[in-house]
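My structure is below; once you've seen it, I'll send some questions.
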Protein chains: 2
Amino acid sequence: MARLCLVYRLLEELQAEGCVTVSSTQLGERLSMNSHNLRKDISYIGEVGNWGAGYEVARLKQAIGEKLGLARRRAACVVGLGDLGRAILDHAQRHPGAFVMAAGFDSNINKIETLKSSVPLFPAYQIPEVVRRLRIELAVITVPPSAAQKVADLLVEGGVCGLLNMTPAVIKAARPEVFLTNLCLTDELNMLSALITLNTKL
Amino acid sequence: MARLCLVYRLLEELQAEGCVTVSSTQLGERLSMNSHNLRKDISYIGEVGNWGAGYEVARLKQAIGEKLGLARRRAACVVGLGDLGRAILDHAQRHPGAFVMAAGFDSNINKIETLKSSVPLFPAYQIPEVVRRLRIELAVITVPPSAAQKVADLLVEGGVCGLLNMTPAVIKAARPEVFLTNLCLTDELNMLSALITLNTKL
DNA sequence: TTTGTGTTGTGAAAAAAATAACAGTCACGA
DNA sequence: TCGTGACTGTTATTTTTTTCACAACACAAA
């Protein structure tokens, strides 16, 4: 149910804009989705709309937040403080969501000491201990591909339950209850490339 | 057909490892997918396997590359040279795919002049012209959310055919033949959060 | 040669998702 | 008060995707 997450964020925006109620059609318009789909997704949450009139922004937002646990903020971390890792660490603090960046890791101890950051940084070998201590639940992996699997294992050992793997390496989570998203920029651009090719070949 | 893109990259790796043939089962194992699915995807390309024995790595790779246009490299650019944009610009050069980074854009002219980069940098208002001149087909958008739609319009005006929007803003492509992928890190982490919540609520 | 194992490609069945259709409800204005 | 228009939630239909099953084929060993 990825769409509901988008809806949730849109509702935050609408609330900031001072919007009090919205219809599924309006939501669909802003998210480029059709309203049928959204209504079906929302109905999965339960009955939260006003029959005949749209949804109360605040109420719908709260309902989704509760069901999907987006109100609570989980502790997150970034492993691999290269350009991309650092950028994400900063970025995630500027665009907050259902998480709080609580730590950064890197195998290069020099980096740990030199880098300035608003979150505490630790050497990579401390991953299991620190993850457990800080109750970190989410992790973004931005290490070199060859190290991705090892890092993932350490994270899972520490008790992480969600992994966002941004390396081109395809990795596996050691435990089945751990959720893993592979998100490689190269792949995304390749996909677009493929779509364009298929389209123009018509 | 996102899976075929993954297969393609895996085939490159296998080729580097000196592997000559693979079976669909082996591919599936390395990609954490089941072989049925892969075979069906591959069959869409045409008959490229050896009945009874697996696939020749080189041949399969070429077949996919041809069909999906992954052999040719399209020119790409990054708009918005903040931390994330710069990181992606570098990152994309280190992890090459079916594209070549050919330009960077930012509205802050100071930045353009100060930053050092291996690709030429331009002020944002030149987007349509430069995109057309360099025949840029792909673009990564890493500007502040409020500027995302305008930037997208400029890019499309220049003739870009694939957009990778990494801002939380939901944008639309002005022309229908332009492919758009919305890829927001916050959303990805929120999704993981939601999955964890739903899972633990069972 | 023959037998057995492993493989591809494809067609059929099952599952999931998207789309459409509609009954029931409310708000508002005449 | 009554009708009109707009909306939700749910059911039905279609489409897409995934999963399963199997015939056709190659290769190695006996």
Side-chain angles (χ1 to χ4, degrees), chain A residues 1-8 10-11 14 19-64 66-68 179-180 182 191 194-195 198-199 202, chain B residues 1-8 10-11 14 19-64 66-68 170 176 179-182 191 194-195 198-199:
Chain A
M1 304 295 170
R3 279 189 302 266
L4 281 178
C5 289
L6 292 182
V7 171
Y8 186 80
L10 177 56
L11 288 172
L14 289 173
C19 227
V20 177
T21 67
V22 276
S23 69
S24 58
T25 321
Q26 288 173 297
L27 288 174
E29 194 130 333
R30 300 243 333 212
L31 293 173
S32 306
M33 301 170 175
N34 65 13
S35 54
H36 304 107
N37 233 323
L38 284 177
R39 283 212 301 283
K40 180 154 271 176
D41 288 349
I42 292 174
S43 77
Y44 167 77
I45 300 290
E47 279 198 28
V48 291
N50 306 319
W51 274 89
Y55 302 91
E56 285 172 44
V57 174
R59 181 154 159 236
L60 180 54
K61 185 186 138 199
Q62 199 197 328
I64 297 180
E66 222 160 276
K67 193 80 171 185
L68 264 51
F179 294 96
L180 168 64
N182 288 299
M191 275 277 310
L195 286 172
L198 292 175
N199 193 50
L202 283 182
Chain B
M1 303 293 170
R3 279 190 302 266
L4 280 178
C5 288
L6 293 182
V7 171
Y8 186 79
L10 177 55
L11 287 172
L14 288 173
C19 230
V20 177
T21 67
V22 275
S23 68
S24 57
T25 323
Q26 289 172 297
L27 288 175
E29 194 131 332
R30 300 240 338 210
L31 293 173
S32 307
M33 301 170 175
N34 66 13
S35 54
H36 303 108
N37 233 322
L38 285 177
R39 283 212 299 284
K40 184 148 270 180
D41 287 349
I42 292 173
S43 77
Y44 168 76
I45 300 292
E47 279 198 28
V48 290
N50 306 318
W51 272 88
Y55 301 91
E56 285 173 44
V57 174
R59 182 155 159 235
L60 179 55
K61 186 186 138 198
Q62 198 197 327
I64 296 180
E66 222 159 276
K67 193 80 172 185
L68 264 51
V170 180
F179 294 95
L180 168 63
T181 305
N182 288 300
M191 273 279 308
L195 286 172
L198 292 175
N199 192 50

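Labels below follow one simple rule: chain letters A, B, ... track the order of the sequence lines, proteins then strands, and each chain is numbered from 1. Being a predicted model, the structure only gives us computed values, none of them experimental.
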Open item on the list: Counting only side-chain heavy atoms from C-beta out, which of dG9(D), dT8(C), dT10(C) sits nearest to Glu47(B)?
Closed with: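 Closest of the options to the side chain of Glu47(B): dT10(C).
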Task: Gap separating the CG atom of Leu6(B) from the CG atom of Leu27(B), nearest 0.5 angstrom - done: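 So the gap between those two atoms works out to 11.0 Å.
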Open item on the list: Measuring to OP1 and OP2 of dA26(D), would you say a side-chain N or O of Tyr55(B) lies under 4.0 angstrom away?
Closed with: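 Answer is no, no contact under 4.0 Å.
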Task: Interatomic distance where CZ belongs to Arg3(B) and P belongs to dT18(D) [whole Å] - done: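 Answer to the nearest Å: 4 Å.
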Open item on the list: Taking donor-acceptor contacts at under 3.5 Å, does the side chain of Lys40(A) reach the base of dT19(C)?
Closed with: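 Such a pair is found, so the answer is yes.
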- [ ] Provide, to the nearest angstrom, the distance between the CG atom belonging to Asn34(A) and the P atom belonging to dA17(C).
- [x]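 Value for this atom pair: 15 Å.
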Task: Residue pair Lys67(B) / Leu198(A): nearest heavy atoms and the distance that separates them - done: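 Minimum heavy-atom separation between Lys67(B) and Leu198(A): O-CD2, 3.8 Å.
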Open item on the list: Taking Asn37(A)'s backbone N and O only, do any of them form a donor-acceptor pair with Asn34(A)'s side chain (distance below 3.5 Å, no angle check)?
Closed with: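 Pair found, side chain donor or acceptor close to backbone of Asn37(A).
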- [ ] Using atom CD1 of Ile42(B) as one end and atom C1' of dT8(C) as the other, report the distance to the nearest whole Å.
- [x]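 Going from CD1 in Ile42(B) over to C1' in dT8(C) covers 10 Å.
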Task: Pairwise 5' ranking along DNA chain C for Gly52(A) and His36(A), keeping only the more 5' one - done: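 Upstream on the strand: His36(A).
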Open item on the list: By nearest heavy atom, map Asp41(B) and Ser43(A) onto DNA chain D; which one lands nearer the 5' end?
Closed with: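 Per heavy-atom nearest nucleotide, the more 5' residue is Ser43(A).
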- [ ] Mind calculating the distance between CG (Leu4(B)) and C1' (dT17(D)) to the nearest angstrom?
- [x]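 Nearest whole value for this atom pair: 14 Å.
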Task: Phosphate-side-chain proximity, Asn37(B) and dT19(D), N/O vs OP1/OP2 below 4.0 Å - done: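 Result: yes.
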Task: Value in whole Å for how far the P atom of dT19(C) lies from CG of Leu38(A) - done: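 Result: 11 Å.
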Open item on the list: What is the distance, to the nearest angstrom, from the CD atom on Glu56(B) to the P atom on dT7(C)?
Closed with: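 After rounding, the reported distance stands at 16 Å.
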- [ ] Respond yes when some side-chain nitrogen or oxygen of Arg39(B) is under 4.0 Å from OP1 or OP2 of dT19(D), and no when none is.
- [x]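 The answer is no; no side-chain N or O of Arg39(B) sits under 4.0 Å from OP1 or OP2.
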- [ ] Name the nucleic acid region contacted by Ser35(A), choosing base, sugar-phosphate or nothing; use a 4.0 angstrom heavy-atom cut-off, strictly under.
- [x]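 Nothing, no heavy atom under 4.0 Å.
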Open item on the list: Within this structure, what is the CD-OH distance for the pair Gln26(A) and Tyr55(A), rounded to the nearest 0.5 Å?
Closed with: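 With rounding to 0.5 Å, CD (Gln26(A)) is 11.5 Å from OH (Tyr55(A)).
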Task: Spacing of Glu29(A) atom CD relative to dA6(D) atom C1', expressed in whole Å - done: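 Rounded to whole Å, this separation is 15 Å.
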Open item on the list: Looking at Asn50(B), I'd like to know whether one of its side-chain N or O atoms comes within less than 4.0 Å of OP1 or OP2 on dA26(D).
Closed with: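 Looking at the OP1 and OP2 atoms of dA26(D), neither is under 4.0 Å from any side-chain N or O of Asn50(B).
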Open item on the list: Donor-acceptor pair, distance only, cut-off 3.5 Å: does the side chain of Gln62(B) make one with the backbone of Arg59(B)?
Closed with: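 Not a single qualifying donor-acceptor pair exists.
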Task: Protein-nucleotide distance (Leu60(B), atom CG; dG9(C), atom C1'), rounded to Å - done: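 Between C1' of dG9(C) and CG of Leu60(B): 14 Å.
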